[in-house]
Amino acid sequence: MKLLPLVLFLLIIPAICSAQTKNKLHFKSIVADTHNDVISTVTLRGMNIEDDLSGKTHSDIARFKKGGVDIQVFSIFCDERYGMGTAFNYALREMDSVDAIVGRNPATMMLVNNPSELKKALRQKKLACLKGVEGGHMIEDNLQFLDSLYNRGARYLTLTWNNSTSWASSAKDEKANTVPNPKKGLNDFGKQVVKRMNELRMMVDISHVGEQTFWDAISISTKPVIASHSCVYSICPVPRNLNDEQIKAVGKNGGLICINFYSGFLDSTYLVKQKLFLEKHQAETDSLKSAGKASYELEDWMYKKYASEIQSMRPPLSLLIDHIDHIVKLIGADHVGLGSDFDGIESSPLGLDGVQDFPSITSALLERGYSKKDVKKILGGNFVRVFKANM
Ligand SMILES: [Zn+2]
């Protein structure tokens, strides 16, 4: 009988030691996330990122620290309802919010616009805060607005969101054959936008863009491009994901694909499950809608009410590692990173409940057999390289 405690001891101690090693590597590494929507979430819902927002959002300041996040690109975003005369101003207001949030938290956050500021923020162990504009519609077909966004701190522009611009077609429109322009891809003005971004030292983000726009942009860009939040098409065939030819082209370009944590881009069965869930509860959502509940509140409310159903739809974390693995096998470990899309997604893999859970990715990569060197590249080293290469 005395053997049992000894066996337990021998089993538990190595497990604790191994967990500590993984954690140590995580907190020693530079961890970068190239896409987080919390700015829109907190400003729309009147919340403070300084508060404990567990259970309400994926992100808050204390949880960034807990997750060992060193670099965060905050998404500057408005949807297709904003256009000429409104989208650029909306982007500026979101940038004001980032500046205000960082301004009132100087002990924990620092605005970063170039590699030397990044170095300073990392040295001072503050969250390095960058801005990325998600959607070309925010330049309102005006290169001066592009310059202004750069001057205000935008370090990438996602050429399109789901909506095409007059100069670039989106993945959604290319797939549905609803491109509003005479041709798919970039027109002459779109090509000028990419060239100007290179001159400005602003990263060209090819997440959300249509395949033709992707090929046009990558052939023009003289700097490494980034996919700030995209996954692998051959594992999960949705138009937002990148096919193997696109992945190989990003490798040749020296660029970076940052894996999105959205269950619908990781798991090919998720969107079907979600559709069935929504159909099952259609009557309830309709009555809430007619009672005047806002659509973003509605989704949240339904997902909380039916939490166990939602929980059962989440894929395992290992599937996210499969996406990383696929890219590494195609083009090596120098071209993959993390672009969570936290606070812009309603479902993520089990065990990834918010920014506090980034260490789980490090553990999963080590368990998959990745070397410490490659783990460090994937966590953030690759982003730092591409950021510098764009300067
Ligand atoms: Zn997005």
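Start at 1 and go down the list; that is how both ligands and their atoms are numbered. Each residue takes its place number in the sequence, starting with 1. All values below come from the heavy atoms of this structure, side chains included, with hydrogens, waters and symmetry mates left out.
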**Study point:** Of I49, D33, D70, V31, the residue whose pairing with F64 passes side chain to side chain contact (heavy atoms under 4.5 Å, CB included)
**Key:**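 The passing option is I49.
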Salt bridge flag under 4.0 Å for residues [X] and [Y]:
X    : Y    : result
K56  : D51  : no
K329 : D322 : no
K275 : E279 : yes

*Between K248 and E245, is a salt bridge (Lys or Arg N to Asp or Glu O under 4.0 Å) present by the stated rule, with each step listed?*
CA-CA 5 Å; K248 285 181 201 161; E245 292 312 306; 3.5 Å; yes
Does NZ or CZ of R93 fall inside the cone over F88's six-membered ring, less than 6.0 Å from its centre and within 45° of the axis?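 R93 over F88 ring: no.
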- Task: Could you give me a count of protein N/O/S atoms that are under 2.8 Å from the Zn ion (ligand 1)?
- Result: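 With waters ignored, the protein N/O/S count below 2.8 Å is 3.
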